[in-house]
Amino acid sequence: MSLKYITPAERFKKYLPKDYVELVDYGPFGKTQDEAGPGNMGQFKELMEEHPMCSGCWMAYFIRLIFASLPAPEETVTLGTAGCGRLAISQAAVPFIYGNYGDQNAMASGLTRAFRIRFPEKHKDVITIAGDGGTMDIGFSMTMHSWIRGEKFTTIMLDNEVYGNTGGQESGMSPKGAILKMAPLGKKGEKMPATALAQAAGCVYTVRLSPTNIKKAAKVIRRAIFVAREVGPTFVHAYTSCNIEYSIPTEDVFADAKEKEKTRFQFEEYMTDEAKAVIDRVEAEEKAAKRAKKAEVV
């Protein structure tokens, strides 16, 4: 997509579905984060408004936040694989490619390279969004090799620490001792060190978080995307609980996320010097643009 491609001629708007016209007029396409971003969700037409996820699903909230944080949704493509997350990701008004059983990072590698050849003058953001099973278990080899090759796209792992939509089997990201429906004796092995693996494989920017702070979560998502455009692979590891398989009452989902933030999902941000230079430059440019806009108003 592109902003020009999605924007209809004024005289044709009356023939188009109302939802589409409202998305173009009042959605985040071509707008800044101050105009249509995480800070004012509920005041603009969002890219993902409906989904079939469970009531109280923390993953659905975080996916909604991802889409509200995109620097350029009209220039973005997402990829995913089997799992709960793709049920929501595929509902967003951003092109989505479904990969079979963990090959999303392999497809993203090819897509990123093709975009750079076809659109050398543009930043086309490619983002894989998949669960812990799709990223670290079934898709492990393709995830690791995309990082080792230095592919320039962002990987976001939705870690609910279980195979949530196939009955509750343990995953590599389940914590040691976790008792699940299909692991009644408790998991024997340790939780995989995902961010350490990402750094060892060459990711230039990694973050581990429990997304309890909207502004902070949006900031790291955007940083990961900006750095991937210019430097190399980036990785966001987010806690997105499964309230069904871990029997978390809906009213306690946020409290659970806060508790995990104090333990195995303590905030951790890593960046190389080259990645830091990009972040410093982009954020300085954004601040300068805000000051200029404010001066125009005055």
Side-chain angles (χ1 to χ4, degrees), residues 2-3 27-44 46-47 61-78 94 112 115-116 119-129 147 150-157 195 198-199 202-239 261 265-298:
S2 69
L3 191 57
F29 296 124
K31 296 186 175 69
T32 66
Q33 288 282 283
D34 286 339
E35 294 168 328
N40 54 3
M41 288 168 77
Q43 300 175 52
F44 63 92
E46 293 182 38
L47 295 168
Y61 144 77
F62 185 61
I63 291 171
R64 184 182 166 202
L65 180 57
I66 292 172
F67 283 110
S69 307
L70 297 178
E74 64 277 9
E75 304 286 356
T76 300
V77 175
T78 62
V94 170
T112 303
F115 278 155
R116 290 180 188 279
F119 304 102
E121 76 289 355
K122 282 187 174 183
H123 287 302
K124 289 282 187 180
D125 297 322
V126 175
I127 307 169
T128 65
I129 310 172
W147 292 342
E151 305 288 355
K152 293 180 177 177
F153 64 85
T154 298
T155 300
I156 298 178
M157 179 165 69
T195 53
Q199 291 161 24
C203 281
V204 295
Y205 179 81
T206 70
V207 171
R208 181 186 63 217
L209 80 162
S210 180
T212 58
N213 182 310
I214 289 178
K215 287 187 177 179
K216 189 175 183 179
K219 186 176 184 179
V220 300
I221 291 167
R222 291 170 61 79
R223 282 182 169 184
I225 295 170
F226 285 130
V227 170
R229 287 178 179 179
E230 300 184 36
V231 186
T234 60
F235 177 51
V236 177
H237 175 196
Y239 176 62
E261 197 171 28
F265 282 89
Q266 285 185 345
F267 184 76
E268 173 197 273
E269 185 179 40
Y270 160 86
M271 64 186 79
T272 63
D273 291 342
E274 201 173 2
K276 185 177 185 307
V278 170
I279 290 168
D280 289 345
R281 190 196 75 230
V282 170
E283 293 182 351
E285 290 172 351
E286 289 182 334
K287 286 179 182 176
K290 281 184 184 179
R291 285 196 297 270
K293 192 170 183 179
K294 194 174 180 180
E296 284 179 9
V297 173
V298 174

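Between Pro211 and Tyr239, the shortest heavy-atom contact is CD-O, 3.2 Å. Shortest non-hydrogen contact noted between Gly37 and Phe44 is O-CE2, 3.3 Å. Nearest approach of Tyr270 to Cys203, heavy atoms of both residues: CE2-O, 3.5 Å. Shortest non-hydrogen contact noted between Gln33 and Ala68 is NE2-O, 3.2 Å. Heavy-atom minimum distance, Lys31 versus Ala36: CD-CB, 4.1 Å. Of all heavy-atom pairs spanning Leu65 and Pro38, the tightest one is CD1-CB, 3.8 Å.
When only modelled atom types and interatomic distance are considered, Glu151 and Thr112 share no side-chain donor-acceptor pair under 3.5 Å.
Using cut-offs of 30° and 60° on the angle between ring planes, the pair His237 and Phe265 is perpendicular.
Contact annotation: the side chain of Ile127 approaches that of Leu70 to within less than 4.5 Å [non-hydrogen atoms, C-beta and beyond]. A 4.5 Å side-chain heavy-atom check between Met271 and Val227 finds every atom pair outside the cut-off. Looking at Val77 and Phe115, their side chains come closer than 4.5 Å, going by heavy atoms from C-beta outward.
The number of heavy atoms from other shown groups lying within 6.0 Å of CG (Asp273) does not exceed 12. A 6.0 Å sphere centred on NZ of Lys293 holds no more than 12 heavy atoms belonging to other residues, nucleotides or ligands. Within 6.0 Å of NZ on Lys122 lie more than 12 heavy atoms contributed by other residues, nucleotides or ligands.
A salt bridge does not link Glu286 with Lys290: every distance from a Lys NZ or Arg NE/NH1/NH2 to an Asp or Glu carboxylate oxygen is 4.0 Å or more. Of the charged side-chain nitrogens involved, none lies within less than 4.0 Å of a carboxylate oxygen, so that Lys219 and Glu269 do not count as a salt-bridged pair. Looking at Glu75 and Arg229, no side-chain N of the basic residue comes within less than 4.0 Å of a carboxylate O on the acidic one, giving no salt bridge.
Atom OG of Ser69 and atom CZ of Phe62 lie 8.0 Å apart (nearest 0.5 Å). With rounding to the nearest 0.5 Å, the separation of CZ in Arg223 from OG1 in Thr154 is 13.5 Å. Here the straight-line distance linking atom CD of Glu230 with atom NZ of Lys152 works out to 8.0 Å at 0.5 Å rounding. Atom-to-atom distance recorded for Leu209:CG and Gln266:CD is 12.5 Å, nearest 0.5 angstrom. Put simply, CZ on Arg208 and OG1 on Thr195 are 5.0 Å apart, with the number rounded to the nearest 0.5 Å. Distance check, rounded to the nearest 0.5 Å: CZ of Phe29 to CG of Leu3 gives 9.0 Å.
Both cation-pi conditions hold for Lys216 and Phe267: the charged atom is under 6.0 angstrom from the six-membered ring centre and inside a 45 degree cone around its axis.
Side chain of Glu46 to main chain of Pro28: no donor-acceptor pair is present (N/O by atom type, distance under 3.5 Å, no hydrogens or angles). Side chain of Asp125 to main chain of Pro73: no donor-acceptor pair is present (N/O by atom type, distance under 3.5 Å, no hydrogens or angles).
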Determine, stepwise, if the pair Tyr205 / Ile279 fulfils side-chain contact (heavy atoms from CB on, under 4.5 Å).
-> CA-CA 10 Å; Tyr205 179 81; Ile279 290 168; 3.8 Å; yes
